[in-house]
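Input: a single structure, listed below in structure tokens.
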2 protein chains.
Amino acid sequence: MSLRFGLLGLLSYQDMTGYDLKKAADATIGGFWDAQASQIYRELNYMEDLGWLTSVIEFQTDRPNRRIYSVTSSGHQAFLQWLLENHTDKGHLNKSVFMMKIFFSGEHSTAENIRVFQQFKKNCEIKLAELESKNKQDFPFGMTRDNHPDQALYWEFTDNFAKAYYKLCLTWANDCVAALEKRLAS
Amino acid sequence: MSLRFGLLGLLSYQDMTGYDLKKAADATIGGFWDAQASQIYRELNYMEDLGWLTSVIEFQTDRPNRRIYSVTSSGHQAFLQWLLENHTDKGHLNKSVFMMKIFFSGEHSTAENIRVFQQFKKNCEIKLAELESKNKQDFPFGMTRDNHPDQALYWEFTDNFAKAYYKLCLTWANDCVAALEKRLAS
DNA sequence: TGGGTCATGTAACCTGTTACATGATTAG
DNA sequence: CTAATCATGTAACAGGTTACATGACCCA
């Protein structure tokens, strides 16, 4: 699994600094991958050691210097190979803390669990709103849909998935709340 | 975070060995948590050090001895506290290798990507079939729905979620394939 | 004057994964 | 005869998280 290859992919669109990458990642793969800045810097370092990246420092006087990374040909090869490796992610719903808690929620009162679901719904609504609004503006750093017509379709696919996912969460949570309220009434 | 509490939860239903826990986990929380046996044993050890569990060895002659774990009161307290901690899992679609690959799939040919989606669909269908069949039999180790009426509703909630999730994956993948075929035709 | 942005990182830690090892019994 | 089941683990590693540190500039 790997942020690693996500970074390679983004850098293949455009040379960037770690700081830029954090923002680019949030704006592009952020719907399904939450990247930590500290990890980004670590990965960049590691990949430079591997020879997958090279970097140049841009000196600035009024702001901190910027270290700009570029993918080498061996880095791009590694990326392409990763893309071809068998995609069988075992179904990718294989670690959900929230579901774990729900599973054991019989320990709590019905009323309390309704509140938990309502909180969950709020979070989903926020996520959905973020995804909808993001859609209107284009991707940053020169990665526009016009710029990358072949890629844009796949960007939409992942976007659609994320949206559909959070909508599913909302309807599911509504059903759960309905069932719990029914129990309260009886 | 954290198989640990899942194990505590299951042990609160019934005393068990690590081996039993692996099977119980697969049968109960397996829809949304893939637990490794090696990690189970490590966690059991660790929790015994913490004083959250105690264990007794059951000697057997014809088979390996069994180490049976029970939750202590401090273990149960830790479990309850975890349940109450704020549930805000940031949305739990925050790490998907599959989506990462799809996002960057513009590098491949349309035909190849159609095959990738078809493989994905097959995996989802298998998962769905597993979930449907599991439903018919009851949970193992005395954890029946009649036995735990308060819990059973929440078990169903997580079950419903997993099923709805894989169904969503299927319809999404179908839409993607349709879009790709349309592109092939034009 | 306080908080946000720009920009880089380190260190310790936690959690989960992979690969391996052992060895008897039982069912096909 | 072979594979699965029972049953327990260890060791090394990979990947991700949290907390912290630095410091200037800009805007309200």
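Naming: A, B, ... by sequence-line order, numbering from 1 per chain. In this text the structure is predicted, and so the values were computed from the model without any measurement.
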Donor-acceptor pair present, Ser2(B) side chain and dT15(C) base, under 3.5 Å: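 Such a pair does not exist between side chain and base.
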Any donor-acceptor N/O pair under 3.5 Å between dT8(C) base and Thr17(A) side chain: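 No.
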Please check the phosphate of [N] (OP1 and OP2 only) for any side-chain N or O of [X] closer than 4.0 Å.
X        : N       : result
Gln36(A) : dG16(D) : no
Gln60(A) : dA7(C)  : yes
Tyr19(A) : dT8(C)  : no

Side chains of Thr17(B) and Asp20(B), donor plus acceptor under 3.5 Å: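 Distance-only check passes for Thr17(B) and Asp20(B).
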Quick one: sort the [X] and [Y] rings into parallel, tilted or perpendicular, breaks at 30° and 60°.
X         : Y         : result
Phe120(A) : Phe98(A)  : parallel
Phe161(A) : Tyr165(B) : perpendicular
Phe32(B)  : Phe103(A) : tilted

Touch class at under 4.0 angstrom, heavy-atom based, for Glu43(A) against every strand present: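 Nothing: the residue Glu43(A), judged by heavy atoms under 4.0 Å, touches no strand.
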[X] [atom1] to [N] [atom2], straight-line distance once rounded to whole Å:
X        : N       : atom1 : atom2 : result
Asn65(A) : dG9(C)  : CG    : P     : 10 Å
Arg63(A) : dT8(C)  : CZ    : P     : 12 Å
Phe59(B) : dA24(C) : CZ    : C1'   : 17 Å
Leu44(A) : dT8(C)  : CG    : C1'   : 11 Å
Ile40(A) : dT17(D) : CD1   : C1'   : 13 Å
Asn94(A) : dG16(D) : CG    : P     : 13 Å
Asn45(A) : dA11(C) : CG    : P     : 12 Å
Leu21(A) : dC6(C)  : CG    : P     : 14 Å

Closest to the [X] side chain: [options]?
X        : options                  : result
Tyr69(A) : dG9(C), dT8(D), dT8(C)   : dG9(C)
Ser38(B) : dG16(C), dT17(C), dA7(C) : dT17(C)
Pro64(B) : dG23(C), dA19(C), dT5(D) : dG23(C)
Arg42(B) : dG16(C), dG15(D), dA7(C) : dG16(C)
Lys95(A) : dA11(C), dC6(D), dG16(C) : dG16(C)
Tyr41(A) : dG16(D), dA7(C), dT26(C) : dA7(C)
Gln39(A) : dC6(D), dG16(C), dG16(D) : dG16(D)

Test item: Asn113(A) side-chain N/O and Leu180(A) main-chain N/O as donor-acceptor pair under 3.5 Å: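 Such a contact is absent between Asn113(A) side chain and Leu180(A) backbone.
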Main-chain N/O of Phe157(A) paired with Trp172(B) side-chain donor or acceptor, under 3.5 Å: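 The answer is yes, because a donor-acceptor pair under 3.5 Å joins these two groups.
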Bend angle of the helix from dT1(C)-dA28(D) to dG28(C)-dC1(D), end axes from five pairs each (to 10°):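 Rounded to the nearest 10 degrees, the bend comes out at 50°.
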Pairwise side-chain contact, Leu11(B) with Met16(B), heavy-atom cut-off 4.5 Å (strictly under):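 In short, these two side chains touch, coming nearer than 4.5 Å.
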Validation row, ring centre Tyr69(B) to ring centre Trp52(B) under 6.0 Å: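 Between Tyr69(B) and Trp52(B), the centre distance exceeds or equals 6.0 Å.
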Comparing Ile68(A) and Ala35(B) on DNA chain C - which has the more 5′ nearest nucleotide: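 Result: Ile68(A).
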